[in-house]
> 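What follows is a structure written as structure tokens; I'll ask about it next.
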Amino acid sequence: MGIRSFIGIIAILALAWLSSCPQSQPATDGQAAAPAREASKPRRLRLVCDPLLVSLLETLEPELGNGLKGYDLEPLERGELLDKLAAGEKFAGVDAFLFSDPEVRTALSGAGLLSEATMRTFAGDRLALVARKGESWRAESLFDIYRLRFKWLGVGSERTVTGYYAPQALVTDGVMPRVEDRLSHPDTAAAILQELLDKGSQMAIVPRSLIVGNEETKLVLLLPRDLHEDFIYQVAAASGLEDDSSVMALLTGLAENEAVQALIAGYGFDNRDEAMGLNVAPE
């Protein structure tokens with residue numbers, strides 16, 4: 001046997017021996033790979049919300065999936081929420097905020113309580129001119145109401161969402177100077193409607209969602225969207241909870257779950273696409 005043949009046999013035997021040995025795994029920076037982080041278990045959340053959203057959120061709670069164990073609601077009119085922020089309230093233990101106007105959003109962000117990165121629009125609303133059922137008030141436009149001989153028009157104070165948006169509509173349509181001495185300003189959304197029902201023979205501007213299914217009221221006029229800022233509802237995690245799986249399940253469930261969005265539309269609200277002006281025909 002030649003020397004080259006002998007060397008070839010030795011090389012083959014060496015390769016066979018190496019292939020039979022256990023192979024070591026490459027290390028990362030000299031450390032064993034860390035195990036994957038276990039997802040946090042679903043938990044119950046505490047939510048601060050506008051009172052207009054309470055009935056809707058109670059209905060949606062069982063529809064939001066297994067990513068959270070439900071929630072407890074703390075309804076606050078916009079004025080009360082702004083007062084608390086001005087007084088330095090930190091809202092300890094609150095997991096998410098649901099609100100409906102840019103001033104509240106700015107105040108929450110300015111106080112460092114809001115995670116802007118998690119912000120989602122999930123619904124919208126319309127302003128409706130309403131009267132008590134059986135009354136004969138009619139108007140082809142908001143401007144036309146100045147001709148009607150009502151004694152007062154309930155719009156709510158600036159402490160309510162209605163009182164934030166309704167004056168914008170009255171100013172934009174040019175009728176504010178003709179009716180401002182007849183405006184009524186209750187401090188809660190529910191009080192605007194109750195005042196109408198108790199006194200009758202007058203009118204009010206309220207969110208459409210507040211009168212859906214209410215057989216004691218009649219719709220006089222649905223106000224055009226372009227008379228005021230976009231009436232939208234947004235939700236955001238409290239600051240520091242961007243990675244909380246239950247909070248994110250709430251946010252994505254409200255804004256992205258098709259079944260939830262269908263329910264939202266069924267309760268007199270605009271769904272997310274309508275609220276954001278997507279696929280909506282011009283008026």
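Since the model is a prediction, treat every value here as computed from it, not as a measurement. Start at 1 with the first residue, then count along the sequence. We use all heavy atoms of the structure for the numbers below, so side chains are in, but hydrogens, waters and symmetry mates are not.
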> Decide yes or no for L114 and E116: does some side-chain heavy atom of the first lie under 4.5 Å from some side-chain heavy atom of the second?
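Sidechains of E116 and L114: in contact.
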> Test: salt bridge (Lys or Arg N to Asp or Glu O under 4.0 Å). Region: residues 129-142. Which pairs qualify, not counting sequence neighbours?
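Residue pairs with at least one partner in residues 129-142: there are none.
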> Between L53 and V212, is there shared hydrophobic-cluster membership here, with clusters defined by ILVMFWY side-chain heavy atoms closer than 4.5 Å?
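L53 does not cluster with V212.
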> Got a donor-acceptor contact below 3.5 angstrom from the T172 side chain to the L227 backbone?
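Checking the backbone N and O of L227 against the side chain of T172, a donor-acceptor pair under 3.5 Å is found.
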> Around E158, counting heavy atoms of other residues, nucleotides and ligands shown, do more than 12 lie under 6.0 Å from its CD?
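Open: at most 12 neighbouring heavy atoms sit under 6.0 Å from CD of E158.
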> Please tell me if the side chains of I205 and L129 come closer than 4.5 Å, counting only heavy atoms from C-beta onward.
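Side chain of I205 against side chain of L129, heavy atoms only: contact under 4.5 Å found.
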> May I ask you to test the L98-L47 pair for a side-chain heavy-atom distance under 4.5 Å?
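Result yes, sub-4.5 Å side-chain heavy-atom pair found.
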> Can you pull the salt bridge (Lys or Arg N to Asp or Glu O under 4.0 Å) pairs that have at least one residue in residues 50-65, sequence neighbours excluded?
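Listed once each, the pairs are R44-E61.
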> Starting from the C-alpha separation in whole Å, work towards a yes-or-no answer on side chain to side chain contact (heavy atoms under 4.5 Å, CB included) for C49 and L57.
CA-CA 9 Å; C49 69; L57 291 173; 4.0 Å; yes
> What pair of heavy atoms forms the shortest contact from D173 to L142, and how long is it?
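The answer is OD2-CB, 3.3 Å.
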> How close do Q234 and T121 get, heavy atom to heavy atom, and via which atoms?
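So the minimum-distance heavy-atom pair works out to NE2-OG1, 3.3 Å.
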> Quick one: CG on L250 to OG on S245, what's the gap to the nearest 0.5 Å?
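Spacing of CG (L250) from OG (S245) equals 12.0 Å.
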> Please list all pairs passing the salt bridge (Lys or Arg N to Asp or Glu O under 4.0 Å) test where one or both residues lie in residues 92-103, with sequence neighbours left out.
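For residues 92-103: R43-D95, R78-D101, R78-E103.
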> Taking only residues two or more places apart in sequence or in another chain, which ones pass ring-ring contact (aromatic ring centres under 6.0 Å, His included) with Y146?
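ring-ring contact (aromatic ring centres under 6.0 Å, His included) list for Y146, sorted by chain: F143.
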> For the residue pair R208 and D270, establish whether any side-chain heavy-atom pair is separated by less than 4.5 Å.
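Counting from C-beta outward, R208 and D270 do come under 4.5 Å.
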> To the nearest 0.5 angstrom, please state how far the CG atom of L64 sits from the CG atom of L251.
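Here the rounded value is 10.5 Å.
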> Only counting residues at least two apart or in another chain, list the ones meeting ring-ring contact (aromatic ring centres under 6.0 Å, His included) with H228.
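Only Y165 meet the ring-ring contact (aromatic ring centres under 6.0 Å, His included) criterion with H228.
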> Specify the closest pair of heavy atoms between A123 and I264, including all atoms of both residues, with the distance to one decimal.
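Taking A123 first and I264 second, the nearest heavy atoms are CB-CG2, 3.7 Å.
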> V235, V161: one ILVMFWY side-chain cluster at the under-4.5 Å cut-off?
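Yes.
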> For the residue pair D230 and R225, establish whether any side-chain heavy-atom pair is separated by less than 4.5 Å.
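Answer no - side chains too far apart.
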> By the side-chain hydrogen bond (donor to acceptor under 3.5 Å, both in side chains) test, which pairs, at least two apart or in different chains, include something from residues 212-223?
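Applying side-chain hydrogen bond (donor to acceptor under 3.5 Å, both in side chains) to every pair that reaches into residues 212-223, excluding sequence neighbours, yields nothing.
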> Of all residues at least two apart in sequence or in a different chain, which pass the side chain to side chain contact (heavy atoms under 4.5 Å, CB included) check with S115?
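Per chain and number, S115 pairs via side chain to side chain contact (heavy atoms under 4.5 Å, CB included) with A117, T118, A237, E242.
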> What pair of heavy atoms forms the shortest contact from S209 to D125, and how long is it?
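Heavy atoms of S209 and D125 come nearest at OG-OD2, 2.6 Å.
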> Where is the tightest heavy-atom contact between L222 and L219, given as atom of each residue plus distance?
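So the two residues come closest at N-CD1, 4.1 Å.
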> Could you go through residues 79-87 and list every donor-acceptor pair under 3.5 Å that involves a side-chain atom there, pairing it with any protein atom two or more places apart or in another chain?
{"from": "D83", "atom 1": "OD2", "to": "R159", "atom 2": "NH1", "distance (Å)": "2.9"}
{"from": "D83", "atom 1": "OD2", "to": "R159", "atom 2": "NH2", "distance (Å)": "2.8"}

> To the nearest 0.5 Å, what is the distance between CG on L73 and CZ on R46?
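One gets 11.0 Å once the value is rounded to the nearest 0.5 Å.
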> Taking the side chain as everything from C-beta on, heavy atoms only, tell me whether L52 gets closer than 4.5 Å to Y233.
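They are in side-chain contact.
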> Can you list every pair that meets salt bridge (Lys or Arg N to Asp or Glu O under 4.0 Å) and has a residue in residues 175-184, with sequence neighbours left out?
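Pairs touching residues 175-184 that pass the test: none.
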> Search all heavy atoms of S157 against all heavy atoms of D187 and return the closest pair with its distance.
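Scanning both residues completely, I find the closest heavy atoms to be OG-OD1, 2.6 Å.
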> Do side-chain atoms of E274 reach the backbone of N271 as a donor and acceptor pair under 3.5 angstrom?
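A pair under 3.5 Å: yes.
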> Can you tell me how far apart CE (M203) and CH2 (W137) are? Round to the nearest 0.5 Å.
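Here the rounded value is 6.0 Å.
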> Out of curiosity, does V94 fall in the hydrophobic cluster containing L45 (side-chain heavy atoms, cut-off under 4.5 Å, transitive links)?
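In one cluster: no.
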> Counting C-beta onward and ignoring hydrogens, is there a side-chain heavy-atom pair between K151 and K199 closer than 4.5 Å?
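Not in contact.
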> Is there a side-chain contact between P207 and F231 in this structure, where contact means two heavy atoms from C-beta onward sitting under 4.5 Å apart?
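Of all side-chain heavy-atom pairs linking F231 with P207, at least one is under 4.5 Å.
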> Does D198, at its CG atom, have more than 12 non-hydrogen atoms belonging to other residues, nucleotides or ligands within less than 6.0 Å?
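For D198, atom CG is crowded (more than 12 foreign heavy atoms under 6.0 Å).
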> Please answer: with hydrophobic residues joined when any side-chain heavy atoms are less than 4.5 Å apart, are Y164 and V104 in the same cluster?
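No: no chain of side-chain contacts under 4.5 Å links Y164 to V104.
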> Apart from I232 itself, what residues make up its hydrophobic cluster, given side-chain heavy atom links below 4.5 Å?
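ILVMFWY cluster around I232 holds nothing else.
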> Not counting sequence neighbours, which residues clear side chain to side chain contact (heavy atoms under 4.5 Å, CB included) with A255? List them please.
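Once residues adjacent in sequence are excluded, the partners of A255 under the side chain to side chain contact (heavy atoms under 4.5 Å, CB included) criterion are R120, F122, R272.
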> What distance separates L223 CG from R126 CZ, expressed to the nearest 0.5 Å?
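It comes to 8.0 Å.
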> Answer with yes or no whether the hydrophobic clustering places L221 together with L210; edges join I, L, V, M, F, W, Y residues whose side-chain heavy atoms lie under 4.5 Å apart.
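Yes: a chain of side-chain contacts under 4.5 Å links L221 to L210.
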> Name all pairs fulfilling the ring pair (Phe, Tyr, Trp, His ring centres under 6.0 Å) condition that reach into residues 59-91, sequence neighbours left out, sorted by first residue then second.
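Matches after skipping sequence neighbours: F91-F97.
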